[in-house]
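Below is one structure, written out as structure tokens, with a few remarks after it.
Numbers here simply count residues along the sequence, with the first being 1. Given the structure is predicted, the values throughout are model-derived calculations rather than measurements.
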Amino acid sequence: MVLAGLAIWLLPQIRSSSASPRTGTASTSTAAGARSSRAASASDVPDRFLGTWTGYLSSPQNPGARGFFSVAIRRGRIGDIVASVRNQIANGGYCDGTAKLTSASPSQITLQTTATTGLSGCVADPAPQVYIPASATSLHLEVDGFSGDLAKT
């Protein structure tokens with residue numbers, strides 16, 4: 001049975017994706033006319049969350065269903081796209097998506113997804129994805145009734 005929203009996005013198998021951090025510099029002028037640069041890699045994403053994370057999500061509303069989930073999180077500012085998500089849907093196709101950073105603190109980040117694959121059944125859930133450190137090498141993810149621990153790969 002196909003469930004609307006998140007179930008379409010999260011329940012099926014997901015494979016890992018890779019993402020690389022944004023690079024470059026931004027220049028500003030000082031009052032003295034001198035140029036200064038700051039690295040564009042300045043980030044609101046705490047280092048603890050950076051990398052590729054994989055694991056299984058489940059929901060008490062759908063006992064026995066587990067979906068493999070992968071997210072690659074990189075540096076960025078609030079409002080920037082900081083993650084790539086890839087999952088396999090029930091028909092064997094793949095849903096790819098990006099995620100925008102909506103909030104960040106040392107103990108939690110929240111992302112909002114957008115589907116980038118045009119396949120039927122690829123629908124990004126508008127619910128926030130909340131990531132919390134679960135251990136030194138794992139994150140706990142909660143999103144719209146689904147949850148699970150993701151290991152750094």
Side-chain angles (χ1 to χ4, degrees), residues 1-24 26 38-119 121-153:
M1 171 167 103
V2 175
L3 302 175
L6 181 66
I8 294 171
W9 181 246
L10 293 177
L11 269 182
Q13 290 281 331
I14 302 168
R15 299 228 172 128
S16 66
S17 65
S18 62
S20 59
R22 189 177 3 175
T23 60
R38 67 170 175 83
S41 63
S43 179
D44 291 325
V45 179
D47 288 347
R48 168 70 182 89
F49 295 91
L50 300 175
T52 300
W53 306 87
T54 59
Y56 290 90
L57 302 182
S58 60
S59 171
Q61 292 85 13
N62 196 357
R66 286 179 11 142
F68 188 74
F69 185 87
S70 177
V71 60
I73 303 171
R74 58 191 173 271
R75 296 185 185 286
R77 296 289 202 177
I78 301 291
D80 289 349
I81 293 172
V82 298
S84 299
V85 178
R86 186 167 202 215
N87 68 313
Q88 184 179 12
I89 58 175
N91 68 9
Y94 290 92
C95 284
D96 293 314
T98 58
K100 177 174 58 171
L101 182 65
T102 59
S103 69
S105 73
S107 61
Q108 175 179 307
I109 64 169
T110 304
L111 304 178
Q112 177 69 48
T113 62
T114 300
T116 58
T117 305
L119 296 176
C122 290
V123 177
D125 189 319
Q129 294 182 357
V130 179
Y131 295 83
I132 301 165
S135 73
T137 59
S138 67
L139 296 178
H140 183 75
L141 169 60
E142 293 193 10
V143 56
D144 202 20
F146 292 83
S147 64
D149 288 335
L150 308 176
K152 193 165 194 172
T153 56

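At least one side-chain heavy atom of Val85 sits under 4.5 Å from a side-chain heavy atom of Phe69. Arg75 places none of its side-chain heavy atoms less than 4.5 Å from the side chain of Asp80. Side chains of Ser84 and Arg74 form a contact here, defined as non-hydrogen atoms less than 4.5 Å apart. At least one side-chain heavy atom of Leu111 sits under 4.5 Å from a side-chain heavy atom of Leu101. Here the side chains of Pro106 and Arg48 are not in contact, with every heavy-atom distance at 4.5 Å or above. Side-chain atoms of Val71 and Ile73, non-hydrogen and from C-beta on, do get closer than 4.5 Å to each other.
Closest of all the heavy-atom pairs between Glu142 and Ser147 is CG-CB, 3.9 Å. Closest approach of Pro133 and Ser107 over heavy atoms only: CD-O, 3.2 Å. Shortest non-hydrogen contact noted between Ser59 and Gly145 is OG-O, 3.3 Å. Taking each heavy atom of Thr52 and Ala72 in turn, the nearest pair found is OG1-CB, 3.7 Å. Residues Ala127 and Val143 come closest through the heavy atom pair O-CG2, 3.9 Å. Looking at every heavy atom in both residues, Ala134 comes nearest to His140 through CB-N, 3.9 Å.
The OG1 atom of Thr102 lies 11.5 Å from the CG atom of Asp44; values are rounded to the nearest 0.5 Å. Of the inter-residue distances, the one linking Thr113 atom OG1 with Asp96 atom CG reads 12.0 Å to the nearest 0.5 angstrom. To the nearest 0.5 Å, atom CG of residue Leu50 and atom NZ of residue Lys152 are 6.5 Å apart. Rounded to the nearest 0.5 Å, atoms OG (Ser43) and CZ (Arg77) are 7.0 Å apart. Atom OG1 of Thr137 sits about 11.5 Å away from atom CG of Leu150, to the nearest 0.5 Å. Interatomic distance, Ser138 OG to Tyr131 OH, rounded to the nearest 0.5 Å: 13.5 Å.
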